[in-house]
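Heads up: the structure comes next, in C-alpha cells.
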There are 2 protein chains.
Amino acid sequence: MDRSQVRMSLKSKGIAATKPRVLLLEILWGINAPISVQQLYQSNSEKFALSTLYRVVNDLATADIIETFTSPDQNIWIEIKAEDGHHHHLYCESCETVIDIEMDEEFEASISDLRDQLSKKYNITIVDHSFELYGKCSGNVHCACNLD
Amino acid sequence: MDRSQVRMSLKSKGIAATKPRVLLLEILWGINAPISVQQLYQSNSEKFALSTLYRVVNDLATADIIETFTSPDQNIWIEIKAEDGHHHHLYCESCETVIDIEMDEEFEASISDLRDQLSKKYNITIVDHSFELYGKCSGNVHCACNLD
DNA sequence: TTGACAATGAGACTCATTCTCATTTATACT
DNA sequence: AGTATAAATGAGAATGAGTCTCATTGTCAA
Ligand SMILES: [Mn+2]
Ligand SMILES: [Mn+2]
Ligand SMILES: [Zn+2]
Ligand SMILES: [Zn+2]
C-alpha cells in the first residue's frame with residue numbers, strides 16, 4: 001500500500017486525504033501490527049500534534065479504515081482494519097505488546113451463537129465483543145512476544 | 001451474608017476487618033451485581049474517602065474476595081468473587097450497566113485449549129483472559145438490562 | 001491498656017484522552 | 001485565478017479516573 005493507494009482508499013471512503021491521515025496510514029501499513037497511540041506519538045511527535053493524532057485516529061476508525069481497542073493499562077491501540085474480518089488479541093503485560101490472534105472457525109461460530117442468544121435473552125442489540133488474553137513473557141532480557 | 005460473616009471471611013483470608021472493607025463487602029453483597037467504583041463512590045461518598053475505596057478494592061481483589069475488570073469507558077468494575085468460577089460480561093453502552101454472563105462448559109473448554117496453545121506458541125504464561133460483549137438496550141425510556 | 005504497626009483520609013499528583021479556539025488548509029463557486 | 005465557505009490542524013488548557021504521600025487514626029496481640 002503506497003501513498004497514492006492510501007490517498008485513494010481515503011477518498012473512496014468519502015474522507016479527505018489530509019497529510020496527517022495519510023501519514024498515519026503509511027505508518028500503520030509500514031509496521032503492520034497493532035500499536036498504541038502513545039507509542040506512535042512518541043516516535044512521531046514532530047510529525048503530528050497529539051490532539052490531531054487522536055482526532056485522526058477517531059476519523060479513520062469511524063470510516064472503518066482502522067480498528068481500535070483499549071488495553072488494560074488504558075492505552076488505545078490501533079491497527080489497519082483486517083480485510084479477513086474479526087480477530088482477537090494477546091496482550092503481554094511484561095513488554096506491553098499486543099499480538100494478533102486468530103481463532104478457528106468453530107470458536108468464532110460459537111461466539112456468534114452466543115451473541116444471538118444473549119441478544120434475545122436481554123433484549124439488547126449486541127454491537128461488538130472482545131476476547132483478550134493477558135500474559136507475561138518469560139524472559140526479562142529480551143522478549144519473545146513478537147516472534148512467530 | 002451479614003456483617004459478622006463478612007468480618008469472619010476477612011479474617012479467614014488473613015486480612016483485617018476494618019470499617020471500609022466490611023462496608024464495601026456489605027454493599028456488594030447487598031446489590032449482588034457488578035458495580036463500578038465510581039458509581040459506588042457517588043452513592044457513598046460520605047462513607048469512604050475515594051483513595052480508601054480504591055485501596056480497599058485493591059486489597060480485597062488481592063485477597064481474592066472480589067473480582068475487578070475494566071469497562072471500555074475505563075471504569076473499574078467490581079463484584080463479589082463468584083464461588084462457581086470464571087464468568088464473563090455483557091456491557092450495555094446505553095445504560096452503562098454490566099450483566100454477568102454464563103457460558104456453557106464446551107465454550108469454556110475451548111477457551112482453555114486456546115490458552116494452552118497460545119502459551120506454547122508465544123512462550124508466554126497466560127495469566128488471564130477476558131471475554132466481553134457490548135450492546136445497546138432497545139428502550140431509551142427504561143432499560144431492560146437488569147431483567148432476567 | 002499499650003505499643004507496634006496497619007489502615008485511613010484529604011488532597012496533591014499523574015497521565016491518557018478530550019476539548020477549545022485561533023490559524024491554516026482544502027474545496028466550491030464565480 | 002480569486003474569493004467565500006467549510007474542514008482540518010495545532011497548541012495548549014481542561015478533564016477525569018486512578019495513584020501517591022503523609023499526617024492521623026484504628027486494630028489487635030501481648
Ligand atoms: Mn488486531
Ligand atoms: Mn461478573
Ligand atoms: Zn513480552
Ligand atoms: Zn441498557
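Naming convention: chains lettered A, B, ... in sequence-line order (proteins, then strands); numbering from 1 in each chain. Side chains are part of it too, since the values below use all heavy atoms of this structure and drop only hydrogens, waters and symmetry mates. Since the structure is predicted, the reported quantities are computational estimates derived from the model, not experimental observations.
- Of the residues listed (B/Leu90, B/Thr97, B/Leu133), the one engaging A/Ile124 in a side chain to side chain contact (heavy atoms under 4.5 Å, CB included) is B/Leu90, and it is the only one.
- Residue order along DNA chain D, read from the 5' end via each residue's closest nucleotide, puts A/Val56 first among A/Val56 and B/Ile15.
- In this structure, CG of A/Leu53 is placed 13 Å from P of C/dA16, rounded to the nearest angstrom.
- Residue A/Lys19 contributes atom NZ, which lies 9 Å from atom P of C/dA26 at whole-angstrom precision.
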Sub-3.5 Å pairs of nitrogen or oxygen atoms, protein against nucleotides 15-21 of chain D:
from, atom 1, to, atom 2, distance (Å)
D/dA17, O3', B/Gln74, O, 3.0
D/dG18, OP1, B/Gln74, O, 3.0
D/dG18, OP1, B/Ile76, N, 2.8
D/dG18, OP2, B/Tyr54, OH, 2.2
D/dG18, O5', B/Tyr54, OH, 3.3

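- Remark: B/Thr18 is not in phosphate contact with C/dA6, judged by side-chain N or O atoms under 4.0 Å from OP1 or OP2.
- Taking atom OH of A/Tyr41 as the reference point, atom C1' of C/dA16 lies 13 Å away to the nearest angstrom.
- Counting heavy atoms from C-beta on, the side chains of A/Tyr122 and B/Cys137 never come closer than 4.5 Å.
- Regarding A/Gln39, its CD atom lies at a distance of 14 Å from the C1' atom of C/dA16, rounded to whole Å.
- Side-chain contact check for B/Leu10 versus B/Leu60: some heavy-atom pair is nearer than 4.5 Å.
- Of the possible polar contacts, none joining the B/Gln42 side chain to the B/Gln39 backbone as a donor-acceptor pair under 3.5 Å is found.
- Going from atom CG of B/Asp59 over to atom CZ of B/Arg55 covers 7.0 Å, rounded to the nearest 0.5 Å.
- The CG atom of B/Leu24 sits 12 Å away from the P atom of C/dG9 (whole-angstrom rounding).
- In this structure a side-chain-to-backbone donor-acceptor pair under 3.5 Å is present from B/Arg21 to B/Ala16.
- Summarising the geometry, the separation between CG on B/Asp59 and C1' on C/dA7 is reported as 8 Å, rounded to the nearest angstrom.
- One interatomic measurement links the two molecules: NZ of B/Lys11 to C1' of D/dA29, which rounds to 12 Å at whole-angstrom precision.
- Residue B/Glu67 comes nearest to B/Ala82 through the heavy atom pair OE2-N, 3.3 Å, listed as atom of the first residue, atom of the second, then distance.
- The overall bend of the helix from C/dT1-D/dA30 to C/dT30-D/dA1, read as the angle between its terminal helix axes built from five base pairs each, is 30° when rounded to 10 degrees.
- In this pair, B/Trp77 and B/Phe69 present their aromatic rings parallel. The plane angle is below 30°, not in the 30 to 60° band.
- In this structure, B/Gln38 and B/Leu53 have side chains that are not in contact, with every pair of non-hydrogen atoms separated by 4.5 Å or more.
- Separating the CG atom of A/Leu10 from the P atom of C/dA26 is a distance of 14 Å, rounded to the nearest angstrom.
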